[in-house]
Amino acid sequence: MAATDLERFSNEEKRNLSLGGHVGFDSLPDQLVSKSVTQGFSFNILCVGETGIGKSTLMNTLFNTTFETEEASHYESAVRLRPRTYDLQESNVHLKLTIVDAVGFGDQINKDESYRPIVEYIDTQFENYLQEELKIRRSLFNYHDTRIHVCLYFITPTGHSLKSLDLVTMKKLDSKVNIIPIIAKADTISKSELHKFKIKIMSELVSNGVQIYQFPTDDEAVAEINSVMNAHLPFAVVGSTEEVKVGNKLVRARQYPWGVVQVENESHCDFVKLREMLIRVNMEDLREQTHTRHYELYRRCKLEEMGFKDTDPDNQPFSLQETYETKRKEFLGELQRKEEEMRQMFVNKVKETEAELKEKERELHEKFEHLKRIHQEEKRKVEEKRKELEEEMNAFNRRKVAVETLQSQSLQATSQQPLKKDKDKKNFFSLPSAYSITTGRYVN
Ligand code: GTP
Ligand code: MG
């Protein structure tokens, strides 16, 4: 089709036509329902709130079952996310429910980083989904979607105001997940205090720019109830798995010495409102908002970070192929630059080492020459000394021979003239008794 034909076709006004008889596409909604029922649904709830605030009890109460009974540890060094998945069935509808607990939230002395593991967990689920989407062989049909659809934020019923930890955490989460704030253990706060507390919480959320989930009012069927419920936020809830007899009926309640708090009594708490809004009316909207708003934002930021764009600087559509080519060129260029840098670094290093080695060699050579000179000098001195000693020895030997000759002559003379004069005797015995090597003379 030529470009002009295409333009005319897309600019053409749509005409309304009536059908001559039954065609059958009115069964499309039924087809969708039946397909969804066969596939089943997944719904993932994140519970954030202090240890012991009543998270597990509320989950058990909401789904009318017992998920967990064990207490979480109060001694975690950091917040840890603990997901648990359950298969539930009501009529013929299957629900794969994942409840994620922020274990240890609020238990650390330094709470500055408490929000971080929660944000990271949410991002990881988005990342996993994105990776699945980007695969060549995708299997989104049977992919277990673990993206968080709703965060129930449990507020401690202090009656005063939100803690800074609550504000910081909700602020960090509001662009990533649908937040429904709830006042936990609402039976521990009086009715008038609760009313004021709700107003205070909402005004604090607004003044700190925290976006909480608003029940949608664009669908006529639920617009009215949703707008009424939006005005009731945050819901003040009571959880209990205990059953108490009220009249002749067994109801879920908390029994106190002064009376009974009925979980499903709307004049006692907002539990029914929460269940109605979360499960019966807006579950699909929560799933949809997660996909179209929060995941979309994550995906957009992530792809932009990777260099993908929708339009080029001239506002022309950017094709994936072009983006890939540009990125590839950038990458190769960068690789070449890095290679060149490394090569240069290597050459410089070799030069430096060579120079260092040469310097060391020169120093060694100098040292060797110096030692050699000292050695020669020493050798020369020793040689001189040796010569001196030799001369002295020769002189000594000559004298020794002379003395011996003299002695033998004297002895001969004595034997021929036994009676010699005293004077001669004296001369003979007064011969030197020792010879000094240093002076080369005989000493008495
Ligand atoms: P961890 O998982 O250990 O962090 O605790 P949790 O937040 O799951 O609290 P859990 O549901 O285990 O409840 C802790 C205690 O609070 C239990 O003794 C519950 O009976 C009690 N509790 C739960 N919900 C309520 C409530 O609505 N009102 C009151 N007064 N007590 C409650
Ligand atoms: Mg628990």
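Whatever order the structure lists them in is the order used to number ligands and atoms, beginning at 1. Only a predicted model underlies this, so the values are computations on that prediction, with no experimental measurement involved.
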Q. Looking at ligand 1, does any of its N/O atoms fall within less than 3.5 Å of an N/O of G52?
A. yes
Q: Please say whether D101 places an N or O atom under 3.5 Å from an N or O atom belonging to ligand 1.
A: no
Q | Check: V251 and V263 side chains under 4.5 Å, non-hydrogen atoms | A | no
Q. If you look at every heavy atom in K55 and T51, which pair is closest and at what distance?
A. NZ-CA, 3.9 Å
Q. Taking E384 for the side chain and R380 for the main chain, is one N or O donor matched with an acceptor at less than 3.5 Å?
A. no
Q: Tell me whether T51 has at least one N, O or S atom under 2.8 Å from the Mg ion (ligand 2).
A: no
**Q.** Contact (N/O only, under 3.5 Å) between T57 and ligand 1
**A.** yes
(Q) Under 3.5 Å between any N/O of I53 and any N/O of ligand 1: does that happen in this structure? (A) yes
Q) Can you check whether R82 reaches R80 side chain to side chain, under 4.5 Å on heavy atoms? A) yes
Q.
Just to check, does Y256 reach to within less than 4.0 Å of ligand 1 when the distance is taken from its heavy atoms?
A. yes
(Q) Applying a heavy-atom cut-off of 4.0 Å, say which part of F105 lies close to ligand 1: side chain, backbone, both or neither. (A) neither
Q) Looking at V48, L274, I179, I99, which hits side chain to side chain contact (heavy atoms under 4.5 Å, CB included) with L152? A) L274
**Q.** Atoms of ligand 1, numbered as shown, that sit under 4.0 Å from any heavy atom of S56
**A.** 2 (O), 6 (P), 8 (O), 11 (O)
Q) Can an N or O of T51 be found at a distance shorter than 3.5 Å from an N or O of ligand 1? A) no
**Q.** Polar proximity ligand 1 side, G239 side, N/O cut 3.5 Å exclusive
**A.** yes
Q | Proximity of V238 to ligand 1 by residue part, where a heavy atom lies under 4.0 Å | A | both
Q: Check for a donor-acceptor pair, side chain of D270 on one end and backbone N or O of V237 on the other, with a separation under 3.5 Å.
A: no
Q) Is the Lys NZ or Arg CZ of K172 less than 6.0 Å from the centre of Y115's six-membered ring, within 45° of the axis? A) yes
Tell me which donor-acceptor pairs under 3.5 Å the side chains of residues 297-308 have, and how far apart each pair is, sequence neighbours excluded?
{"residue": "Y298", "atom": "OH", "partner": "E127", "partner atom": "OE1", "Å": "2.4"}

